[in-house]
Amino acid sequence: TATIAQSGGERNWAGAGQQGNENTATTTQTGGELNGATTNQTGNENTATIAQSGGEWNLAGASQNGDSNSVTTTQSGMWGSIDSTQRGYGNTVTSDQQESGKSVTAMQIGDNNTLDTVQHAVNNGRSVTVDARQEGNGNSAETYQAFVSDNLITLNQMGDDNTVAVSQQQSAGDVADITQEGNSNLADVFQETFGQNNATATVVTTGDNNTVDIDQINTESSRATVDQTGDNNDSVIAQGWGITPSPSTRLVATTEQNGNGHNASITQGGIENAASIMQTGDDHISKIRQDVYGNRNANNVANSIQTGSLNESDIWQRGPSDQNTTNVTQGGSENDAVVSQDGGNTSFATITQSDIGNYANTWQWSAAASDVTVDQSGLDNRVSSRQIGQRQTAELTQSGFEGDANNEQYGEDNAVTVTQSGEFNESDILQDRGSVFNVASVTQEGIGLFGAINQATINQFGSNDMATIMQSGGSGNMATITQN
């Protein structure tokens with residue numbers, strides 16, 4: 001057992017070295033400046049406790065090599081730092097730092113390691129940092145930073161059953177950088193800037209059954225990035241909601257998943273935001289929701305890219321404002337894409353699908369001048385489009401066999417164009433009652449096979465409408481135009 005107590009003075013220093021079993025070292029320093037404490041322990045069931053208060057240049061370091069080791073440090077004042085290295089089983093690092101200019105550096109190699117850090121300061125502009133690395137099994141890292149800006153958390157976990165929980169609050173320019181390599185990892189990041197800017201969260205996971213949850217609220221110009229490679233990974237990003245009176249702006253969320261069975265979700269509220277999900281493999285689900293914040297939702301962009309089969313993409317944009325844009329690209333078979341744009345003017349939706357058995361569904365309800373473009377190539381693809389408003393346009397293109405294109409428009413000055421090449425294609429257009437000056441056009445091209453019929457139907461209920469059907473090739477084609 002080694003106990004050191006120092007009070008007063010300006011240049012205090014304390015050190016303790018122990019070898020053996022059941023060792024305990026306790027160091028207490030109060031007052032003064034440039035205090036430092038170093039503890040080295042080798043053995044089993046060692047415990048090192050360091051408490052430093054007052055002063056501006058406190059230093060604390062603990063190195064443990066053995067079993068069931070524990071380090072607990074407390075610092076108050078400015079410019080304090082903690083450096084802990086542990087090797088063995090059941091190690092624990094706990095630190096509590098008050099005031100600004102603090103840093104924690106920790107490395108744990110072994111099993112069942114736990115890292116718990118708290119850093120908070122009031123009315124000081126100097127940032128705080130945490131840099132931790134865990135190698136082993138069952139590791140857990142929990143960090144909390146608040147009340148100062150430009151804070152940094154860097155966590156690296158290599159092993160099994162690792163868990164990360166990060167909370168950064170009431171600050172600006174915070175960065176959380178998390179890397180997990182192993183199995184059954186969980187990363188939870190919470191950033192709240194209370195109307196301030198530039199929070200950044202990055203999570204990279206490689207392994208099995210990983211789950212990532214990032215929440216950024218009451219913030220502007222912030223970014224969240226998730227990169228997952230492995231099996232059965234889930235990613236959830238939520239940005240923008242909170243208690244600030246103005247909408248969140250210029251938020252960016254990106255998720256990239258490579259592997260099997262991935263689910264990705266991005267939710268944003270506000271204006272001028274961007275969301276992107278990229279998935280490679282089969283049986284993936286992509287969901288993007290860009291919702292109204294207060295009474296504004298404008299200039300948002302949502303992108304979904306999926307390569308593989310049996311994937312689902314669902315994008316929903318809602319708000320009374322203008323110029324929301326959606327792009328969906330799917331390469332593979334039996335993929336589904338659903339796009340809903342509700343409210344505002346000049347929204348744009350583009351869906352591109354290739355291969356067999358794909359389905360595209362679009363819904364636009366806006367005041368005026370929205371556009372949907374769907375391009376499908378392959379066999380047995382279907383598209384269904386519905387638009388409500390004025391000066392809406394739809395361009396539906398299918399190349400291949402057994403395509404099915406359906407479009408419904410409700411309003412005035414709307415236009416739809418359907419182009420199908422191949423055999424056994426069907427097109428059905430409805431421009432409903434009370435509408436005027438609508439235009440509908442269908443072009444179907446076949447290769448003249450016997451019995452390979454194409455069918456086209458246009459129904460218009462209004463006045464001053466125009467309808468055109470052009471069919472070439474094929475055999476026994478059918479065309480019907482009804483105007484009332």
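The model shown is predicted, which means the values in this text are computed figures rather than measured ones.
- Distance alone, capped at 3.5 Å, is enough to place a donor-acceptor pair between the Asn151 side chain and the Val128 backbone.
- Judged purely by distance below 3.5 Å, without hydrogens or angles, the side chains of Ser304 and Ser286 pair a donor atom with an acceptor atom.
- With sequence neighbours left out, the side-chain contact (heavy atoms from CB on, under 4.5 Å) criterion links Ser463 to Val436.
- Ser313 has its side chain within reach of Ile315: a pair of non-hydrogen atoms, C-beta onward, lies under 4.5 Å apart.
- At a threshold of 4.0 Å, the pair Arg318-Asp291 counts as salt-bridged, since one of the basic side-chain nitrogens sits closer than that to a carboxylate oxygen.
- By the salt bridge (charged side-chain N to carboxylate O under 4.0 Å, His left out) test, Glu312 pairs with no residue at all, sequence neighbours left out.
- Within the 3.5 Å criterion, the main-chain N or O of Met478 finds a donor-acceptor partner in the side chain of Gln471.
- Using a 3.5 Å distance cut-off with no hydrogens or angles, the side chains of Thr393 and Asp371 do pair a donor with an acceptor.
- Counted by atom type alone, Glu192 and Asn218 present one or more donor-acceptor pairs between their side chains at under 3.5 Å.
- The closest side-chain donor-acceptor pair between Ser140 and Thr163, if any, does not fall under 3.5 angstrom.
- Classification of the Phe424-Phe401 ring pair by plane angle, with boundaries at 30° and 60°, yields tilted.
- Residues Thr117 and Glu142 have side chains not in contact (no heavy-atom distance under 4.5 Å, counting atoms from C-beta outward).
- Using modelled atom types, no side-chain atom of Gln108 and backbone atom of Arg133 make a donor-acceptor pair closer than 3.5 Å.
- Shown here are the salt bridge (charged side-chain N to carboxylate O under 4.0 Å, His left out) partners of Arg223, two or more places apart in sequence or in another chain: there are none.
- Under a 3.5 Å cut-off, the side chain of Asn139 and the backbone N or O of Asn113 do form a donor-acceptor pair.
- With hydrogens and angles left out, the side-chain atoms of Ser384 and Asn406 include no donor and acceptor closer than 3.5 Å.
- Counting heavy atoms from C-beta on, the side chains of Gln323 and Ser347 never come closer than 4.5 Å.
- Side-chain contact check for Thr255 versus Ile237: some heavy-atom pair is nearer than 4.5 Å.
- In this structure a side-chain-to-backbone donor-acceptor pair under 3.5 Å is present from Asn273 to Leu251.
- No side-chain heavy atom of Asn324 sits less than 4.5 Å from a side-chain heavy atom of Phe348.
- Under the 3.5 Å distance criterion, with hydrogens and angles disregarded, a donor-acceptor pair is assigned to the side chains of Ser309 and Ser333.
- Contact of the Val418 side chain with the Glu395 side chain is not registered, since no non-hydrogen atoms from C-beta on lie closer than 4.5 Å.
- Using a distance-only test at 3.5 Å, with no hydrogens or angles considered, a donor-acceptor pair links the side chain of Gln86 to the main chain of Thr92.
- No side-chain heavy atom of Thr350 sits less than 4.5 Å from a side-chain heavy atom of Val328.
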* To do: Assess whether side chain to side chain donor-acceptor pair (under 3.5 Å) is satisfied between Asn185 and Thr205, documenting all intermediate values.
  => CA-CA 8 Å; Asn185 296 320; Thr205 62; over 6 Å; no
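- No hydrogens or angles considered: a donor-acceptor pair under 3.5 Å links the side chains of Asn361 and Tyr359.
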